[in-house]
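Below is one structure, written out as structure tokens; the observations come after it.
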Amino acid sequence: MTASTDLSVSQGAALSVGAVLGTGLISLPALAADAAGPASLVAWIALIALSAPLAWTFAALGARYPDGGGVSTYAGMAFGPRAAAAVGWCFYFAVPLGAPVAVAFTGGYVSDVLGGGRATELGTFLAIVGTAYAMNWFGLRVSGRIQLVLSVALVALLVVTVIAALPHARLSNLTPFAPHGWAGAGAAAALLVWGFAGWEALSSLSGEYRDPRRDVPRATLIAVAVVGVLYLAVATVSVLALGPGLAGSRAPLADLLAIGLGGPVRVLTAVVAVVLTLGAVNAYFAGASRLGVALAAEGALPARVFGAQRRSLTFLFLSGIGAVLLPLELHTATLLVTGCFTLVYVIGTAAALRLLPAGGSRAVAGIAFAAVVALLWLNGPTALLSLVIAGGALVYQATHRRSVSPGR
């Protein structure tokens, strides 16, 4: 048995949990509470409920068609190369848009310790993104084991935070429950897509399992349960313990630990946030830079700009710097990125409806498809960016093919 097909259920579940749990959770409870108040808990429950059919759909695709290409491969199988390229564009261009958002979450923790506000947050961005760029330029990699350690560190931090803050929970903080109306819960749900992005990794990992048809569903059930419990526990304790102060917090986990444990916990959470974010940005830069090269090789991006890994990486780096300088609120920037993720899920679940055989898995895919279409609508006008990116992929391919003569 080769190492490439030796992934156990427990290892696969751990990797899946790590792919979904990420930097967003260190600030998402505050962003969701700002949008919906305590009713943000309804949005958390809704996204957790969506996770089950969405994760199962990608697991079913992975078990039936083991392939490392993930959603892009399935979109191509169901709808052709143009749809595959549209998925690739949405993933690729979401990375430079998402890097400032991910680091902004961490910047809030750093400025909470050092002060300096926006200037400190920009310095944190340049330090983290610059380090990730240099690491990828020189071929340095954070190993899978280190990535797993980072994920375990995040889980441990979340568990300690919940236990420490639980005695300070107050039911009175649930009122008023929906200060911004129920539309606020919908707005919060659109934001929370950031924290649940990563279920597509289930299909990408499918070819690594010893027995994909047996092991992928088992790993999926474990991952969904772990992620759901952690997310709901942190969100609930954040609302109950911090109350109205949660909505304005830039470092909610630090606030929870401070009221629960006291001491220099803010420094500790800031260090953990920086390390986690560096690991995440490094991984996304590594994966996206290769994706750009692959898209260029397929004629879906211009080879002159994206045809080599360092050129693709440099585009991501410079675009990320450009994105952080845009006059966008964190709420809006997050929605722009989650709109791209959501469109990928729309295309992926639509592909599942064509590729999966009639029966239970296709029915689950139908539920997932309806849910992600609703999420794309809840994303509001910011979802237009994802449609523009996907449309750009289609237009580029059409014009690129016409510009190449049949004999070449």
Side-chain angles (χ1 to χ4, degrees), residues 23-52 101 104-105 108-109 111-112 117 158-159 161-196 227-262 265-266 269 328-339 342 371-372 374-383:
T23 59
L25 193 55
I26 63 179
S27 286
L28 278 177
L31 287 176
D34 185 51
S40 61
L41 293 178
V42 176
W44 280 103
I45 293 171
L47 266 293
I48 291 169
L50 167 61
S51 286
V101 176
F105 294 153
Y109 283 74
S111 64
D112 183 53
L158 298 180
V159 171
T161 299
V162 169
I163 293 174
L166 192 57
H168 301 272
R170 301 289 182 270
L171 290 177
S172 59
N173 285 327
L174 290 176
T175 56
F177 189 70
H180 306 299
W182 288 109
L191 283 168
L192 294 180
V193 172
W194 176 284
F196 290 86
V227 168
V229 168
L230 284 173
Y231 273 177
L232 189 57
V234 172
T236 301
V237 171
S238 296
V239 169
L240 294 177
L242 297 180
L246 174 61
S249 174
R250 291 303 306 273
L253 291 186
D255 292 341
L256 284 176
L257 279 174
I259 65 173
L261 298 178
V265 294
R266 294 188 182 278
T269 52
L328 294 175
E329 294 182 354
L330 182 59
H331 177 276
T332 302
T334 305
L335 285 176
L336 290 173
V337 180
T338 58
T342 306
V372 292
L375 277 176
L376 190 65
W377 177 78
L378 288 172
N379 199 270
T382 51

Student check: side-chain heavy atoms of Trp44 and Thr236 closer than 4.5 Å: no
Stepwise side-chain hydrogen bond (donor to acceptor under 3.5 Å, both in side chains) test for Asn379 and Thr338: CA-CA 8 Å; Asn379 199 270; Thr338 58; 3.1 Å; yes
Can you check whether Gly108's main-chain N or O pairs, donor with acceptor, with Ser111's side chain at less than 3.5 Å? yes
Taking every heavy atom of Val237 against every heavy atom of Leu256, the minimum-distance pair comes out as O-CD2, 4.0 Å
When you compare the side chain of Leu50 with that of Leu375, does any pair of heavy atoms fall below 4.5 Å? yes
Return the minimal non-hydrogen interatomic distance between Leu257 and Ala164, and the atom names on each side. CD2-CB, 4.5 Å
Kindly say whether Leu330 contributes a backbone atom to a donor-acceptor pair with the side chain of Thr334 at under 3.5 angstrom? yes
So how far is it from Thr269 OG1 to Tyr109 OH, rounded to the nearest 0.5 Å? 6.5 Å
Atom NE2 of His168 and atom CG of Leu240: how far apart are they, to the nearest 0.5 Å? 13.0 Å
Which side-chain N or O atoms in residues 179-190 pair as donor and acceptor under 3.5 Å with protein atoms at least two apart or in another chain?
from, atom 1, to, atom 2, distance (Å)
His180, NE2, Asp34, O, 3.4

Give the minimum heavy-atom separation between Ser27 and Pro252, together with the two atoms involved. CA-CG, 4.0 Å
Residue pair Ala241 / Ile259: nearest heavy atoms and the distance that separates them: CB-CD1, 3.9 Å
Considering all heavy atoms of both residues, which atom of Pro38 and which atom of Asn173 are nearest to each other, and what is their separation? CG-O, 3.5 Å
Distance col, row Leu335:CG vs Leu31:CG, nearest 0.5 angstrom, shows 9.5 Å
